[in-house]
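Structure, as structure tokens:
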Amino acid sequence: MTASAPIAMLAELTHRCPLACGYCSNPMELDRRDQELDTATWARVFQEAEALGVLQLHLSGGEPAARGDLAELLRSAAAAGLYTNLITSAVGLSRDRLQALAAAGLDHVQLSVQHIDEESADGIAGYRGAMARKLAFARWVVDLGLPLTLNVVLHRANIGVAEDLVRLAATLGARRIELAHAQYYGWALANRNALMPSRAEVDQTREAVGRLRNELKGRLVIDYVPPDYFGRYPKPCTNGWGRQSLNVTPKGLVLPCHAAETIPDLEFWNVRDRSLADIWNASPAFQAFRGEEWMREPCRSCERRSADFGGCRCQALALTGDARNADPVCHLSPHRDVVDQALAGRADAPLRMLGRPLTRSLAS
Ligand code: SF4
Ligand code: FES
């Protein structure tokens, strides 16, 4: 199966992070600091990404500021001609350091925010003082003239303040806010009962988003990613496996999506051994679910298969035991009952969340 060019690359620079969010999208087994790619290898990967067709580079983690060479990495990404977006918790970034990143070529900042109330926000992040730092950081970003997006992962502990978070984004001068319900893989799957909101809360949020979009039109873009468990059809995860984007892990594995390592028997190639083009075009992991050949019924003959690509392979694996099955969120899936059971089994009392391990060493 031949591949079109990717548009975006997520560079997970490190799994080190000062926070311990219970919905973290990092794998359960984190790459160690001594396994991370060095500065020169990342610079080569950025050049190869641009040559392959990538336009946008998302620098993420863990916390990308844990890399002491972040400014140097940004300089090489900018020199390669990539549009750079830093996805950060703000912890570890002073005003001077942010200014140095801007001078190195940073184009856009996405800042994660956990709650409107400081104590609740710090509790969700597992870091005292995190919210105060985030608010100061957001103001520096806007002062420096960089476009700012607030990222909010929605779950039962903050869904009630979604509207307040949108208003906070507008007050801070952000250009965009992304309200995305937690996706249940890895840490979030382990914490699913503690994270999942009720249907009534989801409906209220959807209504509020519609109203706020009208009210703040021209001032703030509001992107809303609904929770797929409540839908009839799955999300077109990553816009199709190996179609538009790729992830590079801290130790250099190239993945079609952030959770792909949960699928057993997939063979991932490493940028230390091969060029990015070779990996994108020919690696077994990218070929595994590219196109439609791999599909089973009901997806194989479904008219929506080129719109949602059968949903999410990692969710199919996690909930049905086989990544080739239709995403069980789909009401046509013979496994939809596992999603209905999860919804029915949702406890009403707040539950304690399991946080990902703390990896607070920010020095590099
Ligand atoms: Fe999508 Fe498959 Fe469901 Fe059709 S059957 S809507 S392709 S998941
Ligand atoms: Fe892997 Fe959806 S997260 S395909």
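Predicted, not measured: the structure shown is a model, and the values here were computed from it.
- Rounding to the nearest 0.5 Å gives a distance of 7.5 Å between CD of Glu50 and CD of Gln47.
- For the pair Glu292 and Arg300, the salt-bridge criterion is not met [side-chain N within less than 4.0 Å of a carboxylate O].
- Residue pairs that meet the salt bridge (Lys or Arg N to Asp or Glu O under 4.0 Å) test with at least one member in residues 79-100, sequence neighbours left out, are Arg95-Asp143.
- Sorted by first and then second residue, the salt bridge (Lys or Arg N to Asp or Glu O under 4.0 Å) pairs with a member in residues 253-278 form an empty list; sequence neighbours excluded.
- Pairing each heavy atom of Leu57 with each of Ala11, the nearest pair is CD1-CB, 4.0 Å.
- Looking at heavy atoms from C-beta onward, Asp223 lies out of side-chain contact with Ile177 at the 4.5 angstrom threshold.
- A donor-acceptor contact shorter than 3.5 Å links the side chain of Glu201 to the backbone of Ser198.
- Between Phe286 and Arg243, every side-chain heavy-atom pair lies at or beyond the 4.5 Å cut-off.
- Asn151 and Ser112 share no donor-acceptor pair across their side chains, judged by distance under 3.5 Å alone.
- No side-chain N or O of Gln56 forms a donor-acceptor pair with one of Asn85 less than 3.5 Å apart.
- Residues satisfying the side chain to side chain donor-acceptor pair (under 3.5 Å) test with Gln315, not counting sequence neighbours, are Asp228, Asp327.
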Decide side chain to side chain contact (heavy atoms under 4.5 Å, CB included) for Glu119 and Met131; before the verdict, give the C-alpha distance in whole Å, the side-chain angles of both, and the deciding distance to 0.1 Å.
CA-CA 8 Å; Glu119 197 179 327; Met131 184 63 175; over 6 Å; no

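- Of the residues Thr41, Leu10, Leu37, Leu255, the one that meets the side-chain contact (heavy atoms from CB on, under 4.5 Å) test with Val248 is Leu37.
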Could you walk me through whether Met9 and Val45 satisfy the side chain to side chain contact (heavy atoms under 4.5 Å, CB included) test, starting with their C-alpha distance in whole Å, then the side-chain angles of each, then the deciding distance to 0.1 Å, before giving a yes or no?
CA-CA 10 Å; Met9 183 170 95; Val45 171; 3.8 Å; yes

After noting the C-alpha distance and the side-chain angles of Asp122 and Tyr127, does the key distance pass the side chain to side chain contact (heavy atoms under 4.5 Å, CB included) rule?
CA-CA 5 Å; Asp122 294 354; Tyr127 190 98; 6.0 Å; no

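- Contact check for Ile263 versus Arg313: side-chain heavy atoms found under the 4.5 Å cut-off.
- Exactly one residue among Leu111, Val141, Val142, Leu135 makes a side-chain contact (heavy atoms from CB on, under 4.5 Å) with Leu172. That residue is Leu135.
- When all heavy atoms are compared, the tightest approach of Lys251 to Asn270 is O-ND2, 3.0 Å.
- Proximity of the aromatic rings of Trp241 and Phe309 is defined here by a centroid distance below 6.0 angstrom, and this criterion is not met.
- A salt bridge links Arg32 and Asp34; the closest N-O separation between the charged side-chain nitrogens and carboxylate oxygens is under 4.0 Å.
- A distance of 6.0 Å or more separates the ring centres of His181 and Phe230.
- His15 places no side-chain N or O within 3.5 Å of a backbone atom of Gly62 that could act as its donor or acceptor partner.
- Put simply, the side chain of His108 does not reach to within 4.5 Å of the side chain of Leu86, judged on heavy atoms.
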